A.B. asks: 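Handing you this structure, nothing more for now.
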Number of protein chains: 2
Amino acid sequence: MHAIAFTQNVLSGRWKYFILWYLKDTTRRYSDIKHFLEGISQGSLTNQLRELEQDGVIKRKVYPTVPPKVEYSLTEKGLKLLPVLEMMKAFGKEYIEETEVAEFQK
Amino acid sequence: MHAIAFTQNVLSGRWKYFILWYLKDTTRRYSDIKHFLEGISQGSLTNQLRELEQDGVIKRKVYPTVPPKVEYSLTEKGLKLLPVLEMMKAFGKEYIEETEVAEFQK
DNA sequence: CTGGATCCTAGGAGATACTG
DNA sequence: CAGTATCTCCTAGGATCCAG
């Protein structure tokens, strides 16, 4: 049962779900992620990426060029998180619809 | 894609996952939940229960007795969240094993 | 027994400035 | 471009006291 706690811990943070979702099927550069998550600050983005990396769900590849280029992608373990995200998305879709209906009926 | 955000919002909070998991297959009393979640304060528990109720994933039934008796259970919508929790548990189990192996290999 | 009402604190997240 | 280093701010959550 504590297994849920571990998953929760990996995903704890305001942006991690979206970062993982954005990396779902391809590699992305730091600046792409930043642009995708409009509103996130550099500090927060770096933090979240570091934590995800330490938890072993994403990997970081640095190209020693000028200017620097860093790419992020999911690891094997990260891929195993996708079913969780997909379930969340499925629930969310229904949830939104029901909420909108409820609002409409007021 | 914002669907994930809605689900995240419903589940945001330190204890909600466990409350839902505890209600998974039966109705529970307030005092049972409090005992199950050792360490939670009354204030927090009440807050989390209220939020879950407002999001429509649990329902609250009050028995007008002395002393009072209140039971919580999942709603239809709450039941739809279970697949998410099960996926999280499945991932967590693997995650723990891999982490322990990694610790062991140090 | 179940919770309402306050007060308070810790830590996550944002803003800003700076750098290899 | 992709970060570090501070600083501040906010709010979820805990502690405590009170009540039907």
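Values below: all heavy atoms of this structure, side chains included; hydrogens, waters and symmetry mates excluded. Within every chain, numbering begins at 1; the chains are lettered A, B, ... in the order of the sequence lines, protein sequences first and strands thereafter. It should be emphasised that the depicted structure is a prediction, and the values quoted were computed from it without experimental measurement.
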A.B. asks: Do Thr75(B) side-chain atoms and Lys59(B) backbone N/O form a donor-acceptor pair below 3.5 Å?
C.D. replies: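 Pair absent, no side-chain N/O of Thr75(B) close to backbone of Lys59(B).
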
A.B. asks: For Leu45(A) and Pro68(A), find the nucleotide of DNA chain C closest to each by heavy atoms; which residue's nucleotide sits nearer the 5' end?
C.D. replies: Leu45(A)

A.B. asks: What's the CD1-C1' distance between Ile19(A) and dA13(C), to the nearest Å?
C.D. replies: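 Ile19(A) atom CD1 is separated from dA13(C) atom C1' by 13 Å.
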
A.B. asks: Which comes earlier along DNA chain D counting from the 5' end, the contact point of Arg50(A) or that of Glu51(B), where each point is its nearest nucleotide?
C.D. replies: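 Closest to the 5' end, via its nearest nucleotide, is Arg50(A).
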
A.B. asks: Atom NZ of Lys34(B) to atom C1' of dG4(C): distance rounded to whole Å?
C.D. replies: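 One finds 15 Å between C1' of dG4(C) and NZ of Lys34(B), rounded.
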
A.B. asks: Indicate, with a heavy-atom threshold strictly under 4.0 Å, whether Gln48(A) touches base, sugar-phosphate, or nothing.
C.D. replies: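 Here Gln48(A) touches the backbone only, sparing every base.
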
A.B. asks: In Å and rounded to the nearest 0.5 Å, what is the CG to CH2 distance from Leu52(A) to Trp15(A)?
C.D. replies: 13.5 Å

A.B. asks: What is the separation between atom CG on Leu11(A) and atom P on dG12(C), rounded to the nearest whole Å?
C.D. replies: 15 Å

A.B. asks: In whole angstroms, how far is the C1' atom of dG13(D) from the OH atom of Tyr17(B)?
C.D. replies: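 So the OH-C1' distance, Tyr17(B) to dG13(D), works out to 16 Å.
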
A.B. asks: Does a donor on one side chain sit under 3.5 Å from an acceptor on the other, for Tyr22(A) and Asp32(A)?
C.D. replies: no

A.B. asks: Just to be sure I understand the rule, does Ser31(A) reach a base, reach only the sugar-phosphate, or reach nothing, if contact means heavy atoms closer than 4.0 Å?
C.D. replies: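 Sugar-phosphate, backbone atoms only, no base.
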
A.B. asks: Tell me: CD of Gln42(B) to P of dA19(D), nearest whole Å?
C.D. replies: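 For the pair Gln42(B) CD and dA19(D) P, the rounded distance is 15 Å.
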
A.B. asks: Can you figure out which of dA13(C), dT2(C), dG14(D) approaches the side chain of Arg14(A) most closely?
C.D. replies: dA13(C)

A.B. asks: May I ask you to say what Ser41(B) touches in the nucleic acid, namely base, sugar-phosphate or nothing, with a heavy-atom cut-off under 4.0 Å?
C.D. replies: base

A.B. asks: Just how far, in rounded Å, is C1' of dC1(D) from NZ of Lys61(A)?
C.D. replies: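 That distance rounds to 17 Å.
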
A.B. asks: Using distance alone, with no hydrogens and no angle criterion, decide if Thr7(A) and Tyr17(B) have a side-chain donor and acceptor under 3.5 Å apart.
C.D. replies: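 Result is no, nothing qualifies.
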
A.B. asks: Round to a whole Å and report the spacing from CG of Asn47(A) to P of dG11(C).
C.D. replies: 15 Å

A.B. asks: For dT2(C), take OP1 and OP2 only and decide whether either is under 4.0 Å from a side-chain N or O of Arg60(B).
C.D. replies: no

A.B. asks: In whole Å, I'd like the distance from the CG atom of Leu37(A) to the P atom of dG14(C).
C.D. replies: 10 Å

A.B. asks: Is it the case that the side chains of Arg60(B) and Tyr72(B) hold a donor-acceptor pair, with the cut-off being a distance below 3.5 Å and no angle test?
C.D. replies: yes

A.B. asks: Applying a 4.0 Å non-hydrogen cut-off, can you work out what Tyr72(B) is touching in the nucleic acid: base, sugar-phosphate, or nothing?
C.D. replies: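 Sugar-phosphate: the residue Tyr72(B), judged by heavy atoms under 4.0 Å, touches backbone atoms but no base.
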
